[in-house]
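For reference, the structure discussed in these notes is given below.
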Amino acid sequence: VLNAYKKQLKGKDYRLLEGNIISDYQLEKFGLVESGGPPMFYPYLKSYRSPIWNASVEIRLRNSGTLRHSMQFLEFLLKQYKYDSCFVAHKPFKIIDCYKYFTHLYSGPTREWLIYSIINENLRRADQDMAFCVHDALQSKYVSNPSIRQYLIRLQTTKLPGATAFNFSLPDVTGKIVHQSDLKGKIVLIDTWHDPCGPCGQMHPILDSIKGLFDPNEFVLVQICNAY
């Protein structure tokens with residue numbers, strides 16, 4: 001249907017619609033895998049070759065700046081990577097490998113938004129690999145978009161390894177005010193919990209066992225309770 005109206009559409013409009021159609025079509029396939037669909041379908045999914053997605057189409061769309069406006073297409077590219085490089089290859093997903101793959105293949109605004117999507121989708125992985133991706137994206141000048149740069153800088157300075165911890169000031173059980181800066185140089189584990197929360201209470205023995213693994217002069221367990 002889209003090809004029937006190709007002559008009536010502007011080039012960028014056609015490419016954007018083409019990217020969205022391909023995305024919808026392919027995301028159905030990946031959704032079946034991610035949702036834990038019947039394993040009996042997996043051999044067929046692995047051998048299936050889409051009639052609308054192949055190497056030549058990928059190269060053409062990769063060089064299209066129009067598709068940076070389609071977050072749906074960016075989502076498709078990420079899921080395509082996870083499917084090919086993780087599911088089919090029987091390998092765990094590693095954010096640093098994904099980051100290097102896309103920064104090598106893509107450039108310009110499309111690469112910028114792919115970097116944003118990769119990092120935003122994996123915010124729970126606040127580890128050294130995530131820190132590398134954010135640092136490299138900023139230092140290598142892959143990202144020039146002011147909004148994305150500000151987003152990465154905020155992550156780097158607040159959430160990732162090496163960031164300065166928030167300098168809280170809270171009273172302890174005796175009423176003495178404790179500042180985060182008072183604990184500088186120590187290993188600090190912060191546990192936030194809620195008084196009526198059953199699972200929170202079940203964590204206390206586990207936290208005590210962790211505390212016992214360290215020198216009491218070097219380790220501090222700070223438990224912040226939000227009680228009514």
Side-chain angles (χ1 to χ4, degrees), residues 30-40 42 75 78-79 81-83 85-102 115-138 148 150-228:
F30 303 142
L32 181 61
V33 175
E34 288 191 337
S35 65
M40 67 182 71
Y42 292 174
E75 179 188 3
L78 291 176
K79 290 189 183 297
Y81 170 84
K82 288 182 178 179
Y83 179 80
S85 301
C86 303
F87 176 73
V88 174
H90 301 288
K91 295 181 178 179
F93 173 80
K94 292 184 178 180
I95 186 172
I96 195 168
D97 292 338
C98 181
Y99 170 84
K100 289 180 177 180
Y101 174 83
F102 283 111
I115 290 172
Y116 168 82
S117 299
I118 292 167
I119 292 172
N120 190 58
E121 189 179 279
N122 294 279
L123 281 180
R124 293 187 178 184
R125 302 171 183 264
D127 55 15
Q128 294 294 341
D129 284 354
M130 173 72 83
F132 169 86
C133 296
V134 172
H135 177 79
D136 187 70
L138 292 170
I148 301 178
Q150 188 58 41
Y151 170 76
L152 297 179
I153 291 170
R154 188 168 64 249
L155 281 180
Q156 190 176 52
T157 55
T158 60
K159 295 184 179 296
L160 298 180
T164 301
F166 177 72
N167 188 20
F168 61 81
S169 298
L170 293 170
D172 64 11
V173 291
T174 67
K176 177 185 176 182
I177 299 298
V178 178
H179 306 279
Q180 185 273 335
S181 56
D182 298 335
L183 309 175
K184 186 175 181 179
K186 297 179 181 290
I187 300 171
V188 181
L189 173 59
I190 299 178
D191 170 43
T192 57
W193 60 290
H194 182 50
D195 196 25
C197 172
C200 296
Q202 294 172 11
M203 283 296 298
H204 292 173
I206 298 174
L207 293 170
D208 286 339
S209 66
I210 294 174
K211 184 178 179 180
L213 297 174
F214 296 88
D215 184 331
N217 295 317
E218 299 178 354
F219 180 88
V220 177
L221 172 61
V222 178
Q223 294 182 285
I224 303 173
C225 176
N226 177 23
Y228 290 128

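Keep in mind it's a predicted model, so treat the numbers as computed, not measured.
- Across every non-hydrogen atom of C98 and L78, the tightest pair is SG-CD2, 4.1 Å.
- Scanning for side-chain hydrogen bond (donor to acceptor under 3.5 Å, both in side chains) contacts around N122 gives R125, with sequence neighbours left out.
- Residue pairs meeting the ring-ring contact (aromatic ring centres under 6.0 Å, His included) criterion with at least one member in residues 200-225, sequence neighbours excluded: W193-H204, F214-F219.
- In this structure D136 satisfies the side-chain hydrogen bond (donor to acceptor under 3.5 Å, both in side chains) test together with Y99, sequence neighbours excluded.
- For the atom pair K100 NZ and K94 NZ, the distance stands at 10.5 Å (nearest 0.5 Å).
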Side-chain donor/acceptor pairs under 3.5 Å, residues 179-191, sequence neighbours excluded:
unit_1, atom_1, unit_2, atom_2, d
H179, ND1, S169, OG, 2.7
D182, OD2, H179, N, 3.0
K186, NZ, N217, O, 2.7
D191, OD2, Q223, NE2, 3.3

Could you list the donor-acceptor pairs under 3.5 angstrom formed between side-chain atoms of residues 151-158 and any protein atom two or more places apart in sequence or on another chain?
unit_1, atom_1, unit_2, atom_2, d
Y151, OH, N120, OD1, 2.9
T157, OG1, I153, O, 2.9
T157, OG1, R154, O, 3.3
T158, OG1, R154, O, 2.5

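- The distance from atom CG of L221 to atom CD1 of I210, rounded to the nearest 0.5 Å, is 8.5 Å.
- To the nearest 0.5 angstrom, Y101 atom OH is 8.5 Å from Y81 atom OH.
- Pairing each heavy atom of Q128 with each of P161, the nearest pair is NE2-CB, 3.5 Å.
- Once rounded to the nearest 0.5 Å, the distance linking SG of C133 with CD1 of I95 reads 4.5 Å.
- The shortest side-chain heavy-atom distance between V134 and L160 falls under the 4.5 Å cut-off.
- The CG atom of D208 sits 10.5 Å away from atom CE of M203, with the distance rounded to the nearest 0.5 Å.
- G201 and P205 make their closest contact through O-CD, 3.7 Å (heavy atoms, listed as atom of the first residue, atom of the second, distance).
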Residues 170-178, side-chain donor-acceptor partners within the protein, below 3.5 Å, at least two apart:
unit_1, atom_1, unit_2, atom_2, d
D172, OD1, T174, N, 2.9
D172, OD1, T174, OG1, 2.7
D172, OD1, G175, N, 3.0
D172, OD1, K176, N, 2.9
D172, OD2, T174, OG1, 3.4

